[in-house]
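Accompanying notes for the structure given below.
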Amino acid sequence: MEKRNDSFRWEDKVIEHKRFIKAPLSLVWEVWTKPEHLAKWYGPEGYTLTTAQLQLQTGGSWNFVMHGFGKDYQNDIRYTRIEPEHTLCFRNGAIDNPYGFDVQVTLEEQEGGTWLTMRSEFSSKAVIEELNQKVNAIEGGKQTLNKLVAYAEKLFSGS
């Protein structure tokens with residue numbers, strides 16, 4: 001039986017995505033945590049990424065620029081908890097940024113691949129709605145994870 005490859009849920013100020021990736025957990029972790037891999041998939045369709053700095057440790061940061069449609073978007077992520085090959089928690093945006101949000105990525109190895117759950121918590125449902133109107137944030141998140149799945153599976157299959 002083919003496993004369902006994705007799900008999306010939005011309740012109040014929380015958005016949750018799930019994806020089944022046909023690649024081993026160790027590879028999915030590597031793809032989430034190394035700049036050379038992040039540059040290949042992170043961001044919605046039509047965007048590229050340049051990492052300025054990535055310190056993968058609790059309290060460390062990932063600073064990068066997403067380039068797309070003639071604009072550059074500075075992003076600052078602060079890691080709040082890291083459990084290697086299992087959990088990656090971070091704050092996207094400064095604590096006083098009204099559009100900032102907290103993310104928890106959880107990986108679980110299953111037969112034939114890895115389940116990824118990404119839970120994003122915003123300050124309010126209104127912020128999600130505003131971001132969605134301004135930058136199509138929900139669709140952008142789905143596209144980003146779809147790119148992750150495609151990249152990790154291609155890397156694993158060697159094609």
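For clarity, every value in this text was computed on a predicted model and none was experimentally measured.
- When all heavy atoms of A152 and A23 are compared, the pair lying nearest together is O-CB, 4.0 Å.
- Residues R119 and V103 fail the side-chain proximity criterion, which asks for heavy atoms closer than 4.5 Å.
- Contacts of T106 classified as side-chain hydrogen bond (donor to acceptor under 3.5 Å, both in side chains), with partners at least two apart in sequence or in another chain: Q104.
- Taking the charged nitrogens against the carboxylate oxygens, E45 and K147 have no contact shorter than 4.0 Å, which rules out a salt bridge.
- The ring pair (Phe, Tyr, Trp, His ring centres under 6.0 Å) analysis of residues 84-112, with sequence neighbours excluded, yields the pairs F101-F122.
- Using a distance-only test at 3.5 Å, with no hydrogens or angles considered, no donor-acceptor pair links the side chain of T87 to the main chain of E83.
- For Q53, the side-chain hydrogen bond (donor to acceptor under 3.5 Å, both in side chains) partners are Q55, S61, not counting sequence neighbours.
- Between E16 and T117 there is a side-chain heavy-atom pair separated by less than 4.5 Å.
- The two residues Q74 and D76 come nearest to each other via the heavy atoms NE2-OD1, 3.4 Å.
- The list of ring pair (Phe, Tyr, Trp, His ring centres under 6.0 Å) pairs with a residue in residues 55-77, not counting sequence neighbours, reads Y42-W62, Y42-F64, Y47-F69, W62-F64.
- Applying the salt bridge (charged side-chain N to carboxylate O under 4.0 Å, His left out) test to pairs two or more places apart or on separate chains, those with a residue in residues 126-143 are E130-K134.
- In this structure, the side-chain hydrogen bond (donor to acceptor under 3.5 Å, both in side chains) partners of E11, at least two apart in sequence or on a different chain, are R9.
- When side chains are defined from C-beta on, T58 does not count as touching T80, because their heavy atoms never get closer than 4.5 Å.
- Looking at R91 and D102, a side-chain N of the basic residue comes within less than 4.0 Å of a carboxylate O on the acidic one, giving a salt bridge.
- Remark: the backbone N or O of I138 is paired with a side-chain donor or acceptor of N132 at under 3.5 angstrom.
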Worked verdict on R78 versus N92 for side chain to side chain donor-acceptor pair (under 3.5 Å): CA-CA 7 Å; R78 176 77 51 190; N92 191 330; over 6 Å; no
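- In this structure a side-chain-to-backbone donor-acceptor pair under 3.5 Å is present from W41 to V31.
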